[in-house]
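Read the structure below first, then the notes.
Every heavy atom of this structure was used, including side-chain atoms; hydrogens, water molecules and symmetry mates were not.
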Amino acid sequence: PPALTGSPPQALVDDTEDVSLDFGSEEELALRKAPIRHPLATFFHLFFRVSAIVTYLFCDWFSNSFVACFVTILLLLSFDFWSVKNVTGRLLVGLRWWNQIDEDGKSHWVFEAKRVPTVAASTEAEARIFWLGLIICPVIWTVFFFSTLFSLKLKWLALVIAGISLQTANLYGYIHCKLEGQKPISRVTSGLFATADVPKRQSRISEDGTGEQGK
């Protein structure tokens, strides 16, 4: 019988060692190609505000109680304000704003914009949905304000003003975040250069001082 050599098994071992399994690349590629990467956040970005508008328009069909309709719409507006301010703005467009109080008791508004792109960053479709929902709904509540005045339904006036205030506050905050994110970093770089020049200037002053003392 022919003698068996050890070269073929060695070749098989080498072939198996070169095989690498990468299970995360397919999911990452699918995430990059997805038109909407945050479907849940996109849904709730529109759900609460659209539900508040629909409930305001058709609340008389479901209930004759003004208090029940008032409380339901106000809760929907509050949920919308919280979710848009704390969740959907950060996930869909990478923006965030809030108010903080320092040790002296002074109130400061902080506006942030994410500049570092990530795999789970928002897409153009998500950004378009975010800004359209953020702009159109306050306009609708403004229309409700004038219709309430002209129809003399003054009992709804407080609710309409609350809707305008809550949704305009988010719009105002995110517009500031967008503007802050688009500002050039010349001020920051100039500040860094200024701080970098301080030790150089100090060294020059010390050199001049020593030179004068030597003289």
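- Considering only heavy atoms from C-beta on, Leu77 stays 4.5 Å or farther from Phe48 through its side chain.
- By the criterion of side-chain heavy atoms lying less than 4.5 angstrom apart, applied directly or through intervening Ile, Leu, Val, Met, Phe, Trp or Tyr residues, Tyr172 is not grouped with Val93; the two fall into different hydrophobic clusters.
- Trp141 has its side chain out of reach of Thr168: every pair of non-hydrogen atoms, C-beta onward, lies at least 4.5 Å apart.
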Q: Apply side-chain contact (heavy atoms from CB on, under 4.5 Å) to His38 and Leu92, showing your working.
A: CA-CA 7 Å; His38 307 91; Leu92 299 183; 4.0 Å; yes
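- In this structure, CD on Glu124 lies 12.5 Å from CD1 on Ile36, to the nearest 0.5 angstrom.
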Q.
Is there a side-chain contact (heavy atoms from CB on, under 4.5 Å) between Ile161 and Phe145? Walk through the geometry before answering.
A. CA-CA 7 Å; Ile161 293 175; Phe145 174 78; 4.1 Å; yes
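- Here the OG-CG distance, from Ser51 to Leu46, works out to 10.0 Å after rounding to the nearest 0.5 Å.
- In this structure, Phe47 has its ring center at least 6.0 angstrom away from the ring center of Phe79.
- Minimum interatomic distance between Leu91 and Ala41 (heavy atoms only, all atoms of both residues): CD1-CB, 3.9 Å.
- Scanning all heavy atoms of the two residues, the minimum distance from Ser151 to Ser147 falls at OG-O, 2.6 Å.
- Close placement of the Trp61 and Phe58 rings is indicated, their centers lying within 6.0 Å of each other.
- The side-chain heavy atoms of Leu134 and Tyr174, taken from C-beta on, include a pair separated by under 4.5 Å.
- In terms of hydrophobic clustering, with Ile, Leu, Val, Met, Phe, Trp and Tyr side chains grouped at heavy-atom distances under 4.5 Å, Leu179 and Phe111 are assigned to a common cluster.
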**Q.** Ile101 vs Lys106, side-chain contact (heavy atoms from CB on, under 4.5 Å): CA-CA, chis, key distance, verdict
**A.** CA-CA 5 Å; Ile101 299 176; Lys106 295 181 180 180; over 6 Å; no
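- Following chains of ILVMFWY side-chain contacts shorter than 4.5 Å, one can reach Ile135 starting from Phe81, so the two form part of one hydrophobic cluster.
- Taking both residues in full, the closest heavy atoms of Arg90 and Asn86 are given as NE-O, 3.7 Å, listed atom of the first, atom of the second, then distance.
- Proximity of a side-chain donor or acceptor of His45 to a complementary backbone N or O of Phe130 within less than 3.5 Å is detected.
- A side-chain donor-acceptor contact under 3.5 Å links Arg49 to the backbone of Gly133.
- In the hydrophobic clustering of ILVMFWY residues, with side-chain heavy atoms under 4.5 Å counting as a link, Ile53 and Phe146 come out together.
- At distances below 3.5 Å, at least one donor-acceptor pair connects side-chain atoms of Glu126 with backbone N or O atoms of Thr123.
- Under the 4.5 Å side-chain heavy-atom criterion for Ile, Leu, Val, Met, Phe, Trp and Tyr, Leu132 and Val54 are members of the same hydrophobic cluster.
- Around atom CZ of Phe66, more than 12 heavy atoms belonging to other residues, nucleotides or ligands sit under 6.0 Å away.
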Q: Could you please spell out the steps behind the side-chain contact (heavy atoms from CB on, under 4.5 Å) verdict for Val110 and Asn99?
A: CA-CA 6 Å; Val110 182; Asn99 180 269; over 6 Å; no
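- The structure places OG of Ser78 at 6.0 Å from CG of Leu166, a figure rounded to the nearest 0.5 Å.
- Judged by distance alone, the side chain of Tyr56 and the main-chain N or O of Trp156 form no donor-acceptor pair under 3.5 Å.
- At most 12 heavy atoms of other shown residues, nucleotides or ligands fall within 6.0 angstrom of atom CG in Asn64.
- Across every non-hydrogen atom of Asp80 and Ser83, the tightest pair is O-OG, 3.1 Å.
- In this structure, Thr142 and Pro138 approach most closely via the heavy-atom pair OG1-O, 2.8 Å.
- Proximity of Phe144 to Leu57: side-chain heavy atoms (C-beta onward) are separated by under 4.5 Å at one or more points.
- Here Glu112 contributes atom CD and Arg96 contributes atom CZ; the two are 4.5 Å apart, rounded to the nearest 0.5 Å.
- One distance of note links SG of Cys59 with CG of Leu159; it measures 9.0 Å at 0.5 Å rounding.
- Counting all heavy atoms, side chain and backbone alike, Lys85 lies closest to Trp98 at NZ-CB, 3.8 Å.
- His176 is not listed as a side-chain neighbour of Trp109, based on a closest heavy-atom distance of 4.5 Å or more.
- Rounding to the nearest 0.5 angstrom, the gap separating the CD1 atom in Ile73 from the OG1 atom in Thr55 is 6.0 Å.
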